[in-house]
Number of protein chains: 2
Amino acid sequence: MSARAIPYRPHNHDACVSQALADARAICQQHNARLTPIRERVLELIWQSHKPLGAYDVLGELSSDGHNAAPPTVYRALDFLQQNGLVHRIASLNAFIGCTHAGQSHTGMFLICRACSNVLELTAPMVTSEVCKAAAGEGFRAENTTLEIAGLCPRCQAEPGHD
Amino acid sequence: MSARAIPYRPHNHDACVSQALADARAICQQHNARLTPIRERVLELIWQSHKPLGAYDVLGELSSDGHNAAPPTVYRALDFLQQNGLVHRIASLNAFIGCTHAGQSHTGMFLICRACSNVLELTAPMVTSEVCKAAAGEGFRAENTTLEIAGLCPRCQAEPGHD
DNA sequence: GCAAAATTTGCAACATTATAACATTTGCAC
DNA sequence: GTGCAAATGTTATAATGTTGCAAATTTTGC
Ligand SMILES: [Zn+2]
Ligand SMILES: [Zn+2]
Ligand SMILES: [Zn+2]
Ligand SMILES: [Zn+2]
């Protein structure tokens, strides 16, 4: 059996953050999109862990920074990051998570642990194709898929309640 | 090719409502759950169409009824109906829709038309099994799946913008 | 460089969705 | 009927998200 995915094992999370920021800079350059300081800071905050973060949590962190931000500041930054495929919104949690497939065209599928809150984003081609098939079977043209799975991650199955 | 699903063709919607209410009464009896007048009325309101309805829309309709309800009344009724598998919450819309598979154990998959708002609930066993397979591949124990697909229904592909 | 245009940010108010806490009423068992 | 549990009423408040407009910044055209 293969190794657990990143969120499920100890890892150097600073490397996750650095990578995400580097990717973001590259992608924004390609898109001619401006990754301004606020946007970059919001992305960094979103990436502070593999747990999704609410908009008002981001707002709170910005305030701790000494940056006196209002909700629109955060929502606009999040919109920008979503537009550029750098973060995803988790509808079932009203929260946001850094995309681990930035730059790749993909349909995210999110495994959300109800015990530790960590989220793993997967691309599952077979799932995507079955979803399209099911929709097509009803004559429906699928454009955007929300696929969020709540449950227990491997760590929390073994040892409930840890971080 | 087979006929379109109910929401996508003209039909006697009163029959949808009657059926849903009859099913609800039967299911609540089985569960020893009390389908009180308010709960039944909320279910009926949710079923007024195949479009999802927000909690505050329900609240407004109750007020029109002359019933002076407050938000908790509606949310409690909706919780009850969800518990008993009679309605689903559409996370991506913050809205509620009548379950078309009440009484059957199922994982709902919702096709949401962005033009006319109608929602079709499907059960797609192949999708469910691929989702479980993908989750299991990461060691994740899936408990609850949110699967919502936005796009264009067959009618709106042919003739955009109608009801 | 410099003015005009476009984008981004600041800011205040507001809208929508959902819950908490506690009192009151209703249905049911005994 | 009394007592208990479930359901509902009521008030207030929390959490999430948006609108509209002004000020600042960046880009563009010259
Ligand atoms: Zn990490
Ligand atoms: Zn992604
Ligand atoms: Zn109908
Ligand atoms: Zn259903």
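When reading the values below, keep in mind they use all heavy atoms of this one structure, side chains included, and skip hydrogens, waters and symmetry mates. Numbers restart at 1 for each chain; the letters A, B, ... are given by sequence-line order, proteins then strands.
- At D:dA7, one or more side-chain N or O atoms of B:Arg39 fall inside 4.0 Å of OP1 or OP2 (strictly under the cut-off).
- Dashed line: the shortest gap from a side-chain N or O of A:Tyr75 to OP1 or OP2 of D:dG17 is under 4.0 Å.
- B:Asp57 places a side-chain N or O within 3.5 Å of a backbone atom of B:Gly54 that can act as its donor or acceptor partner.
- To the nearest 0.5 Å, the span separating CG on A:Leu62 from OH on A:Tyr56 amounts to 13.0 Å.
- OP1 or OP2 of C:dG10 sits under 4.0 Å from a side-chain N or O of A:His67.
- Among the nucleotides D:dT18, C:dA18, D:dT11, the one closest to the side chain of B:Phe96 is C:dA18.
- Nearest nucleotide to the side chain of B:Arg89, out of C:dA18, C:dA20, D:dG17: C:dA18.
- For the OP1/OP2 pair of D:dT8 and a distance below 4.0 Å, the side-chain nitrogens and oxygens of B:Thr36 include at least one atom meeting the criterion.
- Judged by the 6.0 Å and 45° rule, A:Arg39 forms a cation-pi pair with A:Phe80.
- Within the 4.0 Å cut-off from OP1 or OP2 of D:dT16, not a single side-chain nitrogen or oxygen of B:Asn94 is found.
- In this structure, B:Tyr56 counts as stacked on the base of C:dT17 under the 5.5 Å centre distance and 30° plane angle limits.
- Close to C:dG10, at under 4.0 Å from its OP1 or OP2, lies a side-chain N or O of A:Thr73.
- Using five terminal pairs a side, the axes of the helix from C:dG1-D:dC30 to C:dC30-D:dG1 at its two ends make an angle of 30°, given in steps of 10 degrees.
- The side chain of B:Arg76 contributes no N or O atom lying less than 4.0 Å from OP1 or OP2 of C:dA18.
- Mapping A:Arg34 and B:Pro37 onto DNA chain D by nearest heavy atom places B:Pro37 at the nucleotide closer to the 5' end.
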